[in-house]
Amino acid sequence: MEFTLLPMQGNLVVRIFGELDQHYAEEVRKAVDKEWKREIYHNLIFSLENLEFMDSSGIGLFMGRYKTVSEKGGRVAICGPPPSIKRVIELSGLLKLMDIYRDEEEALNKLVLN
Amino acid sequence: MEFTLLPMQGNLVVRIFGELDQHYAEEVRKAVDKEWKREIYHNLIFSLENLEFMDSSGIGLFMGRYKTVSEKGGRVAICGPPPSIKRVIELSGLLKLMDIYRDEEEALNKLVLN
Amino acid sequence: MEIKDYMRLEIPGFSRNESFARATVAAFAARLDPTLEEMSDIKTAVSEAVTNAVIHAYEDEIGIVFIMAYIENLTITVEVVDQGKGINDVNRAMEPFYTSTPELERSGMGFTIMESFMDEVEVESDHGEGTTIRMVKHISSKNKQGEKSYGAAD
Amino acid sequence: MEIKDYMRLEIPGFSRNESFARATVAAFAARLDPTLEEMSDIKTAVSEAVTNAVIHAYEDEIGIVFIMAYIENLTITVEVVDQGKGINDVNRAMEPFYTSTPELERSGMGFTIMESFMDEVEVESDHGEGTTIRMVKHISSKNKQGEKSYGAAD
Ligand SMILES: Nc1ncnc2c1ncn2[C@@H]1O[C@H](COP(=O)(O)OP(=O)(O)O)[C@@H](O)[C@H]1O
Ligand SMILES: Nc1ncnc2c1ncn2[C@@H]1O[C@H](COP(=O)(O)OP(=O)(O)O)[C@@H](O)[C@H]1O
């Protein structure tokens, strides 16, 4: 697992690569929370186009960030999950809390419009 | 593991792909021996450019075919082994019995010249 | 006596072994030539069960996790066994969104994922004696070519 | 008590399990971030030892093969254990080119490869009680980046 944090149009984009499980979710959580605390971002976008595996630890990660971000009036979006990961997300009811987009571009456009 | 048998300029070329161990060496042996029995080939060439793994079962396979082929005055050549497989071949002393070439083209040219 | 095709893996419950465990079961399952979707179902379910053993069964200590898999015809059965604290109320534990450790950011979806992605899930648990999760998955038979595809596993 | 990083795998000695066994040890060894060459040395040595258990220890029946691996610092130790017929004369067995089964087209190079590709090889064998092969490999320390590279293993 690897990940990168990118500021994009005032939002924080988190690109995650490889396999996301409980062991690695912790790493991502710490880094995202630290960056988010700078209070310079509007929304948070998880970009999963290069994620190859994810179990429910990813759900916990997204839900946990949803709490912090929505407290400040921001939104959380997910983009580009491959089919197997999309099924985990759908099952979890996460889509009641956040939107899912095809790719980063769509996510950035739609978040601005809303 | 997969393999293909190709007649080339009167020689039999055996291209082996993937991982060659004791489980699969047996399969290759049967197919090569059956084809060789047609008595229409001069030499036998093992083409290992796409082989990813080989243990001493490969050595046994090459040595066994050396016996059958040299009885009829033919030669056995090996071409294109990746570095890790080349080390197994060198260790086995096989190069006293057969030559090693960069690729199929070189093997075919040199075998014809000799 | 015919010997079944099986594997049994024992590992200490370090969280970095979660990926090793699911990769090993996947490499074993590869001989059934499952579709990409079936394979990812198995990996995800195994990851949930092994993660539960690592974080719930043993909490702060490192205990041993056993993973057994066996194949009969086109069916793979996977058992994940721990000797940890056990589950008091299995029915409640299996409810969607129930988690005893929200502070670890667990979503409570582990069992729900196992049940959705596998064809059968059974839980046996004794307080203080550990937990056994047994999961069964039937692999579709399209595309079978005997042993051929197994080589592609590694 | 500190728990070592280890794995223990049990499989029936079907020849198709040779590739599964070496792939599993390779996936475990990946956390040491070995070079490609070191990785292929380990895979080849494990393949030799497991193949010997499959074809020599149990001959025509299917016996059980145990594969244990553990890591200490940058050293991996692999043990391959069978409960088969044992080796009468270990010294002779380890000679290059010695094989008891030329009819199976064995080259007699198995032990020679294990000894060349690993840093230490020990053989314990009792007639009728089985054989244990213990192999040690030290991994070079260049290129270490902590845990990072482990994710690339699967
Ligand atoms: N192997 C186990 N040992 C002890 N308790 C467990 C085990 N597996 C699950 N549990 C309990 O069942 C609950 C629900 O599990 P699960 O659905 O996987 O969700 P989560 O892991 O997100 O909490 C856990 O929070 C835990 O209390
Ligand atoms: N696990 C084992 N159980 C019984 N005999 C063994 C075992 N491993 C090796 N041997 C004996 O040692 C000999 C040499 O082994 P090896 O060097 O691997 O060559 P090969 O496998 O090609 O015969 C074998 O032919 C066999 O007689």
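Heavy-atom basis, side chains included; hydrogens, waters and symmetry copies ignored. The structure displayed is predicted, hence computed values, not measured ones. Numbers restart at 1 for each chain; the letters A, B, ... are given by sequence-line order, proteins then strands.
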Handout entry: Derivation and outcome, side-chain contact (heavy atoms from CB on, under 4.5 Å), residues B/Gln22 and D/Leu104
Key = CA-CA 10 Å; B/Gln22 187 252 340; D/Leu104 294 180; 5.8 Å; no
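- Annotation: the span from B/Ser57 atom OG to D/Glu18 atom CD amounts to 6.5 Å, rounded to 0.5 Å.
- Of the two parts of D/Phe14, neither the backbone nor the side chain holds a non-hydrogen atom closer than 4.5 Å to a non-hydrogen atom of chain B.
- Atom CG of D/Asn73 is surrounded by 12 or fewer heavy atoms from other residues, nucleotides or ligands within 6.0 Å.
- Remark: D/Arg106 CZ to B/Ile59 CD1 distance equals 10.5 Å, nearest 0.5 Å.
- The two residues B/Leu91 and D/Met109 come nearest to each other via the heavy atoms O-CE, 3.4 Å.
- More than 12 heavy atoms of other residues, nucleotides or ligands lie within 6.0 Å of CD1 in B/Ile40, so this atom counts as buried by the packing criterion.
- Interface remark: of the candidates D/Asp41, D/Leu36, D/Thr112, D/Asp41 forms the most heavy-atom pairs closer than 4.5 Å to chain B.
- Contact of the B/Val88 side chain with the D/Ile113 side chain is registered, since non-hydrogen atoms from C-beta on lie closer than 4.5 Å.
- With hydrogens and angles disregarded, a donor-acceptor distance shorter than 3.5 Å links the side chain of D/Glu48 to the backbone of B/Ser56.
- Closest approach of B/Phe53 to D/Ser47, counting heavy atoms only: CZ-CB, 3.5 Å.
- When side chains are defined from C-beta on, B/Arg65 counts as touching D/Glu105, because their heavy atoms get closer than 4.5 Å.
- The two residues B/Glu19 and D/Arg22 come nearest to each other via the heavy atoms OE1-NH2, 2.7 Å.
- Around CD of B/Glu105, the count of heavy atoms belonging to other residues, nucleotides or ligands within 6.0 Å does not exceed 12.
- Looking at D/Ile55, the atoms closer than 4.5 Å to chain B (heavy atoms on both sides) all sit in the side chain, from C-beta outward.
- Note that CG of B/Asp21 and OG of D/Ser15 are 7.5 Å apart. Values are rounded to the nearest 0.5 Å.
- For D/Thr51, the part lying near chain B is the side chain, with the backbone staying farther off; criterion is any non-hydrogen pair under 4.5 Å.
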